[in-house]
Amino acid sequence: MLELDDIQSGVLRPRPTPYVATYVLFRIDECTAGRELMRRLSGIVSSAAQRKSSTRDTGVSVALTFQGLRALGVPQTSVSSFSPQFQEGMAARAKKLGDTGESSPENWEKPLGSPDVHVVVTALSTDTEHLESAMERARKAYRELPGITAIWRQDCHIRPDEREAFGFRDGIAHPAVQGSGIPSSNPNERPFQAGEFVLGYPDEMGETLSIPQPEILGRNGSYVVFRKLHQRVAAFRRYLRENSTSPEAEELLAAKMMGRWRSGAPLAVCPMHDNPELGGDPTRNNDFLFKQDDPIGYDTPAGSHIRRMNPRDADIAGVARIHRMIRRGTSYGPELPEGIVDDDGVDRGLMFAFVGAHLGRQFEFVQAEWMNDSTFFGGTVGKDPIAGAHDGDSTFDIPNRPLRRRLQGLPRFVVTRGGEYCFLPGLRALRWLGDLRI
């Protein structure tokens, strides 16, 4: 049984819709102040056991980087028991992740990726009133606490049409975790073993991963990957227009690249035309598989974004279920007005969070093998047409009869502005950190 009262709600609960969110990064300059911050925040963070109420979709999450654990004075025997990827940090793993060129760490927004980032506090709610209430509780925890410095903030919000910057409905897919009581958004997908997402439990391979020590620190925690992703909306629109013969063809091409129409309706269910009613229905917009109805990808190309991120039951090299992640995105920045195909110089995009228990075989594997390579499904050297690390020479194949269509010269539509590998401690672990006397 999952110890829901010890697991942060942000690990298991899907992002609400509509939503507003705020990310705040902190530097710990004095370890005793950092421990006091952990003690105070432990009383603010909501658990996954929180019952249904008007504030259930409002919550605060607290995560720490490797450098943050060291700043708290956590013993070396403990910090060295965390995963090697976490210890190295995202910036050191950039090449493996495809964060090169414009996305390389030297171009990241400061202080992202630097040793100064120690604590990430996230507040999320359905509206600004409840978000401000949550943020005020968090501010009381660090306000007038010498030795703690807020060094970065990012505010996020849902667009009026509930879509991300490229115009697609977001936040559709969410896996079920055994013991969570939260169903999957795909009725064809059986629940995952809890150890895929929460430390201290058996995973899909029947193993219980070695957790950070002592057990009170590691158990019921999760790893979380935060990434700020800038979206080049004008470039995306321009590419669609240059490779289409009509507005209708633009929409179909966008759908082929994503695997869904902008409304959220999946090509697997409606391959020839959009169905906004289906796209907005959470009981139907994720109810599909690939293997039996579309093994080659005539409807949903094998190289499309959603089929790469979650191949479902498609024939691929390896076992898809051991690479599944909980993925959540929150939009930032203003909309680019409809029809504009010239960059206005404004920063807009997604703050993305990936939650799991295995940084290596979940997030890093998906980035390297599924997003930026095509070998796993027997494809060419193409990359994810939406989020791949393109250099202007990439291709994207759209299966068709009698001949496939191959898109050429895909530019980079998504640029990494920064990110962090973090650890989301359980609530008991937060109190343990607050009581450190070493």
Side-chain angles (χ1 to χ4, degrees), residues 14 168-178 182-193 196 203-206 251-327 361-362 365-366 369-371 373-380 382-388 396-407:
F168 294 93
R169 181 179 291 274
D170 192 29
I172 293 175
H174 185 82
V177 181
Q178 287 189 13
I182 302 171
S184 170
S185 59
N186 182 357
N188 303 291
E189 183 180 70
R190 72 179 187 275
F192 285 81
Q193 293 287 339
E196 289 298 309
D203 59 21
E204 286 291 310
M205 300 175 72
E251 289 304 304
L252 178 59
L253 178 56
K256 288 292 186 181
M257 294 170 73
M258 177 60 73
R260 294 182 184 272
W261 299 92
R262 294 188 202 252
S263 71
L267 287 173
V269 179
C270 41
M272 301 306 296
H273 57 82
D274 194 2
N275 185 337
E277 181 180 354
L278 171 62
D281 185 348
T283 66
R284 296 189 296 149
N285 61 16
N286 205 37
D287 184 3
F288 62 92
L289 295 171
F290 294 126
K291 185 173 182 178
Q292 182 174 344
D293 298 328
D294 191 25
I296 295 176
Y298 286 122
D299 295 335
T300 310
S304 63
H305 177 72
I306 70 164
R307 195 155 172 167
R308 284 175 178 271
M309 294 298 97
N310 182 13
R312 303 183 187 229
D313 64 336
D315 287 326
I316 62 168
V319 180
R321 284 181 65 86
I322 67 172
H323 306 298
R324 192 78 159 95
M325 298 178 293
I326 294 175
R327 302 191 303 273
R361 73 164 165 86
Q362 290 174 320
F365 180 92
V366 170
E369 305 297 331
W370 288 2
M371 179 179 287
D373 199 350
S374 297
T375 306
F376 77 99
F377 67 85
T380 65
K383 302 173 183 178
D384 186 317
I386 301 289
F396 172 58
D397 288 345
I398 302 176
N400 201 0
R401 299 181 180 92
L403 297 173
R404 72 185 178 194
R405 180 186 182 189
R406 171 167 288 181
L407 295 177

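Scanning for side chain to side chain contact (heavy atoms under 4.5 Å, CB included) contacts around Asp299 gives Pro271, Asp294, with sequence neighbours left out. Judged as a side chain to side chain contact (heavy atoms under 4.5 Å, CB included), and not counting sequence neighbours, the contacts of Asp315 are Lys291. Every residue two or more places apart in sequence or in another chain was checked for a salt bridge (Lys or Arg N to Asp or Glu O under 4.0 Å) with Arg312, and none qualifies. Residues passing the salt bridge (Lys or Arg N to Asp or Glu O under 4.0 Å) test with Glu189 are Arg324, sequence neighbours excluded. For the side chain to side chain contact (heavy atoms under 4.5 Å, CB included) test, residues two or more places apart in sequence or in another chain that qualify with Arg405 are Asn243, Leu253, Ile398, Leu407. Residues forming a side-chain hydrogen bond (donor to acceptor under 3.5 Å, both in side chains) with Asn186 (at least two apart in sequence, or on another chain): Asn188. Not counting sequence neighbours, Asn275 has no partner by the side-chain hydrogen bond (donor to acceptor under 3.5 Å, both in side chains) test. Residues that satisfy the side chain to side chain contact (heavy atoms under 4.5 Å, CB included) test with Glu369, not counting sequence neighbours, are Phe365, Asp373. The side-chain hydrogen bond (donor to acceptor under 3.5 Å, both in side chains) test applied to His174 returns no partner, not counting sequence neighbours. Considering only residues two or more places apart in sequence or on other chains, Phe168 meets the ring pair (Phe, Tyr, Trp, His ring centres under 6.0 Å) condition with none of them.
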- request: Could you check Asp384 against Met309 for side chain to side chain contact (heavy atoms under 4.5 Å, CB included), going step by step and ending with a plain yes or no?
  value: CA-CA 9 Å; Asp384 186 317; Met309 294 298 97; 4.1 Å; yes

- prompt: Where do Glu196 and Met325 land on the side chain to side chain contact (heavy atoms under 4.5 Å, CB included) test, with the steps shown first?
  reply: CA-CA 8 Å; Glu196 289 298 309; Met325 298 178 293; over 6 Å; no

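Residue Ser263 holds its OG atom at 10.5 Å from CD of Glu277, rounded to the nearest 0.5 Å. Distance CD1/Ile172 to CG/Asp281: 11.0 Å, rounded to 0.5 Å. In this structure, the separation between CD1 on Ile316 and CZ on Arg307 is 10.0 Å, given to the nearest 0.5 Å. With rounding to the nearest 0.5 angstrom, the CG atom of Asn285 is 10.0 Å from the SG atom of Cys270. Remark: Asn286 CG to Ile306 CD1 distance equals 7.5 Å, nearest 0.5 Å. Separation of atoms CZ (Arg321) and CZ (Phe192) is listed at 4.0 Å; rounding is to 0.5 Å.
Minimum heavy-atom separation, Met371 to Arg308: O-NH1, 3.7 Å. Of all heavy-atom pairs spanning Ala176 and Pro183, the tightest one is CB-C, 3.9 Å. Taking every heavy atom of both residues into account, Gly303 and Pro385 meet most closely at O-CD, 3.0 Å. Closest heavy-atom contact between His323 and Arg361: ND1-O, 2.6 Å.
Within the 4.5 Å cutoff, the side chain of Pro301 has no heavy atoms near those of the Asp397 side chain. The closest side-chain heavy-atom distance from Leu278 to Pro266 is below 4.5 Å.
Checking each of Phe377, Trp370, Phe376 against Ser374 for a side chain to side chain contact (heavy atoms under 4.5 Å, CB included) leaves exactly one that passes, namely Phe377.
Residue pairs meeting the salt bridge (charged side-chain N to carboxylate O under 4.0 Å, His left out) criterion with at least one partner in residues 254-275, sequence neighbours excluded, are Glu251-Arg262. The stretch residues 251-289 participates, sequence neighbours left out, in these ring-ring contact (aromatic ring centres under 6.0 Å, His included) pairs: Phe288-Phe290.
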